[in-house]
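Take a look at the structure below.
The analysis underlying the following values was restricted to heavy atoms, covering all of them including side chains, and did not include hydrogens, waters or symmetry mates. As the structure lists them, so they are numbered: ligands from 1, and atoms in each ligand from 1.
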Amino acid sequence: MSLLDTTGGSAVRASGLGRRFHRTWALREADFAVPAGAITAVVGAHGSGKSTLLSLLAGLDLPTTGYAEVLGADPRRRPQPAVSHLGQSRPLYDYLTVAETLRLGRELNRERWDEPYARRLAELGELSPTARVRTLSGGERVHLALALALGPHPDVLLLDEPLAGLDPLARGRVLRAILGEAAESGATVLLASHEIDDLADTCDHLLLLDHGRVRLAGELAPLLDEHLLLTGSAGEIPAWLRAHDVVRSRHTGRQLTALVRRTGELDVPAQWRADAPTLPELVLAYLDPAAESVVPA
Ligand SMILES: Nc1ncnc2c1ncn2[C@@H]1O[C@H](COP(=O)(O)OP(=O)(O)OP(=O)(O)O)[C@@H](O)[C@H]1O
């Protein structure tokens with residue numbers, strides 16, 4: 001398995017990183033590194049360990065095994081506020097107004113806070129400065145929480161489902177805000193999301209978790225290049241195909257479709273069709289439990 005670049009310039013690194021809750025391993029033996037400035041999609045089914053990983057990287061939780069490094073330091077000693085974590089619970093004070101919340105953000109991040117930028121982010125969500133947090137809709141809370149997270153221009157941004165509960169228009173706005181921040185300040189972004197379609201044009205790296213294990217990690221374009229979506233006549237998986245990693249194979253009517261990870265040269269016979277997979281096709285092939293997989297577990 002190719003892992004994210006573990007040579008110099010990593011903003012985030014994990015080695016043997018694991019977290020067990022009672023008898024459940026939420027994350028196991030995670031080894032990867034994320035280069036500075038990368039925008040990484042953290043994807044996986046429900047319960048695959050995404051939030052656990054982001055909490056460990058944010059220093060909000062302790063690993064059971066291994067270690068993580070963020071900006072060259074133990075996440076628990078992270079240089080505040082160079083690392084921002086936006087959790088799924090969007091921690092906000094219900095009794096404050098939007099303006100008071102932003103003021104609190106400024107007070108907590110005096111050295112780095114960019115007031116006009118934070119205000120612009122809040123305006124993106126059409127938030128009235130005098131509105132109380134408890135009166136905001138789920139989407140409006142996301143905008144406010146994002147303004148708090150991005151306001152200090154963090155070097156590393158850990159976002160747990162920032163798009164959840166947003167309509168398609170708002171998802172686009174939020175993604176553009178995140179990308180704008182990354183482009184402007186060179187921030188490293190790890191973005192956990194189930195909205196894989198939205199991530200395809202946004203992220204340049206991928207970290208795919210499956211039952212707490214890292215199944216795929218790396219730069220997105222080469223990862224996509226390593227895989228092929230092959231379509232041919234239904235029947236046994238031919239021997240020339242079995243020489244590679246068949247991630248998923250499926251029969252639909254008279255057709256056999258297989259997503260394959262090339263392990264060397266692959267000459268596709270003329271009667272077979274070969275396509276480059278999209279990001280959603282790649283992710284679903286790895287995660288779909290109904291797959292007739294021949295990859296060893
Ligand atoms: N505090 C906890 N105590 C016990 N089990 C936990 C705790 N936090 C997470 N888990 C378990 O660890 C596993 C991974 O959970 P995690 O929340 O990291 O997954 P996730 O990929 O973020 O899921 P989702 O997509 O639903 O947000 C799950 O089986 C979950 O039940």
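A salt bridge does not link Asp94 with Arg134: none of the charged nitrogens is closer than 4.0 Å to a carboxylate oxygen. A salt bridge links Arg112 to Asp155: at least one charged side-chain nitrogen sits closer than 4.0 Å to a carboxylate oxygen. Salt-bridge annotation for Asp61 and Arg19: present, with a side-chain N of the basic residue lying under 4.0 Å from a carboxylate O of the acidic one.
Looking only at distances, a side-chain donor or acceptor of Asp31 sits under 3.5 Å from a matching main-chain atom of Gly16. Using modelled atom types, no side-chain atom of Thr101 and backbone atom of Leu96 make a donor-acceptor pair closer than 3.5 Å. Between the side chain of Ser193 and the backbone N or O of Glu195, at least one donor-acceptor pair lies under 3.5 Å. Using modelled atom types, one side-chain atom of Ser128 and one backbone atom of Thr130 make a donor-acceptor pair closer than 3.5 Å.
With a 4.0 Å cut-off on non-hydrogen atoms, Ala45 touches ligand 1 through its backbone and not its side chain.
Aromatic pair Phe32/His205: ring centres not closer than 6.0 Å.
Those atoms of ligand 1 that come under 4.0 Å of a heavy atom in Gly49, given as number and element, are 14 (C), 18 (O), 19 (O), 20 (P), 21 (O). Short contacts between ligand 1 and Ser48, defined as distances under 4.0 Å to a heavy atom of the residue, involve ligand atoms 19 (O), 20 (P), 21 (O).
Nearest protein heavy-atom contact of atom 21 (O) of ligand 1 is Lys50 NZ, 2.8 Å. Here the protein heavy atom with the shortest distance to atom 26 (O) of ligand 1 is His46 ND1, 2.8 Å. For atom 3 (N) of ligand 1, the closest heavy atom belonging to the protein is Phe21 CD2, 3.5 Å. For atom 16 (P) of ligand 1, the nearest protein heavy atom (residue, atom name, distance) is Thr52 OG1, 3.7 Å. Protein heavy atom at the shortest distance from atom 12 (O) of ligand 1 is Ala26 CB, 3.1 Å. Among protein heavy atoms, the minimum distance from atom 27 (O) of ligand 1 is reached at Gln88 NE2, 3.0 Å. When hydrogens are left out, the protein atom nearest atom 17 (O) of ligand 1 is Ser51 CB, 3.7 Å; that is the closest non-hydrogen contact. With respect to atom 29 (O) of ligand 1, the closest heavy atom belonging to the protein is Thr24 CG2, 4.0 Å.
Remark: distances from the non-hydrogen atoms of His22 to ligand 1 are all 4.0 Å or more.
Residue contacts with ligand 1: Gly47 is placed with a nitrogen or oxygen under 3.5 Å of a nitrogen or oxygen of the ligand (distance criterion only).
Judged as a side-chain hydrogen bond (donor to acceptor under 3.5 Å, both in side chains), the pairs with a partner in residues 265-274 (not counting sequence neighbours) are, in order, Arg273-Asp275.
Shown here, atom 31 (O) of ligand 1 is out of close reach of the protein: none of its heavy atoms lies under 4.0 Å off.
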